[in-house]
Q: 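Below are the structure tokens for one structure; questions will follow.
Values below: every heavy atom of this structure, side chains too, minus hydrogens, waters and symmetry copies. The first residue of the sequence shown is numbered 1, and numbering continues consecutively from there.
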Amino acid sequence: QVQVVESGGGLVEAGGSLRLSCAASGRTFSSYAMGWFRQAPGKEREFVGGINWSGASTYYADSVKGRFTISRDNAKKTVNLQMNSLKPEDTAVYYCASAKASWVVSNSYEYDYWGQGTQVTVSS
């Protein structure tokens, strides 16, 4: 059984930083790309960024490019989302997901295992 568990959410002031972590188990972690999505109240879930199986390739949504960084540690089976220069519009529930493929993908249907989400709130 595959499990994906996020941690690290919380409340931060605008301009601050947060680091989200995600641990995955139940499949060969290093064989699959990982991604982060978010969903704000009343909005659809959107892609934040993704990282390929090795960590050598990343891809980000324009809204977070230059502020967010994704990394992974295959030995620890974890993936991290470092969020800097946070804005109130970054407020959302953030989800970690494991892709069906080893390369970076950005559509939610290309991910088959999801975490329960962690709340990130950025105050103005």
Q: Is there a donor-acceptor contact under 3.5 Å from the side chain of Asn52 to the main chain of Tyr32?
A: no
Q: Verify whether one side chain among Asp73 and Thr78 offers a donor that lies under 3.5 Å from an acceptor in the other.
A: no
Q: Taking salt bridge (charged side-chain N to carboxylate O under 4.0 Å, His left out) as the test, write out the residues that go with Asp112, two or more places apart.
A: Arg27
Q: Taking atom types as modelled, find out whether Thr121 and Gln119 have a side-chain donor-acceptor pair closer than 3.5 angstrom.
A: yes
Q: Restricting to salt bridge (charged side-chain N to carboxylate O under 4.0 Å, His left out), what partner residues turn up for Arg38, sequence neighbours left out?
A: Glu46, Asp90
Q: On a heavy-atom basis, which atom in Gly49 and which in Ile70 lie closest, and how many Å separate them?
A: C-CD1, 3.1 Å
Q: With no hydrogens and no angle check, is any side-chain donor or acceptor of Thr28 less than 3.5 Å from a backbone partner on Ser30?
A: no
Q: Quick check: closest heavy atoms across Val104 and Ser57, and the distance to 0.1 Å?
A: CG2-O, 3.5 Å
Q: Quiz question: by atom type and distance under 3.5 Å, do the side chains of Gln82 and Asn80 form a donor-acceptor pair?
A: no
Q: Among Tyr109, Tyr94, Trp114, which residue satisfies the ring-ring contact (aromatic ring centres under 6.0 Å, His included) criterion with Phe37?
A: Trp114
Q: Can you check whether Thr118 reaches Leu20 side chain to side chain, under 4.5 Å on heavy atoms?
A: yes
Q: Search all heavy atoms of Ala33 against all heavy atoms of Trp103 and return the closest pair with its distance.
A: CB-O, 3.2 Å
Q: Taking all heavy atoms of Val48 and all of Val64, pick out the closest pair and write down the distance.
A: O-CG2, 3.4 Å
Q: To the closest 0.5 Å, what do you measure between OG (Ser71) and CG (Leu81)?
A: 8.5 Å
Q: For residues Arg72 and Lys77, determine if any side-chain heavy atom of one lies less than 4.5 Å from a side-chain heavy atom of the other.
A: no
Q: Taking the side chain as every heavy atom from C-beta outward, state whether Phe68 and Leu86 have any atom pair closer than 4.5 Å.
A: yes
Q: Do the side chains of Met34 and Tyr111 join up, straight or via other hydrophobic residues, at under 4.5 Å, putting them in one cluster?
A: no
Q: Decide whether Phe47 and Val93 are clustered together by the hydrophobic rule: side chain heavy atoms of Ile, Leu, Val, Met, Phe, Trp, Tyr closer than 4.5 Å, transitively.
A: yes
Q: Which heavy atom of Ser102 sits nearest a heavy atom of Ser31, and at what distance?
A: CB-O, 3.2 Å
Q: Does Ser17 reach the main-chain N or O of Asn84 with its side chain, forming a donor-acceptor pair under 3.5 Å?
A: no
Q: Side chain of Tyr60, backbone of Arg67: donor and acceptor closer than 3.5 Å?
A: no
Q: Specify the closest pair of heavy atoms between Gln116 and Val5, including all atoms of both residues, with the distance to one decimal.
A: OE1-CA, 3.9 Å
Q: Run the side chain to side chain contact (heavy atoms under 4.5 Å, CB included) test on Val4 and Cys22 for me, step by step, so that the C-alpha distance in whole Å, both residues' side-chain angles and the decisive distance to 0.1 Å come before the verdict.
A: CA-CA 7 Å; Val4 179; Cys22 171; 3.4 Å; yes
Q: Determine, step by step, whether Trp36 and Val79 satisfy the side chain to side chain contact (heavy atoms under 4.5 Å, CB included) criterion, reporting the C-alpha distance in whole Å, the side-chain angles of both residues, the deciding distance to 0.1 Å, and the verdict.
A: CA-CA 9 Å; Trp36 287 94; Val79 60; 4.0 Å; yes
Q: Measure from the side-chain N and O atoms of Glu6 to the backbone N and O of Gly117, and report whether any donor-acceptor pair falls under 3.5 Å.
A: yes
Q: Do Phe29 and Asn74 have side chains that approach each other closer than 4.5 Å (heavy atoms only, starting at C-beta)?
A: yes
Q: Are the side chains of Val120 and Leu18 in contact, using a 4.5 Å heavy-atom criterion?
A: yes
Q: Under the rule for salt bridge (charged side-chain N to carboxylate O under 4.0 Å, His left out), what residues qualify as partners of Lys65, not counting sequence neighbours?
A: Asp62
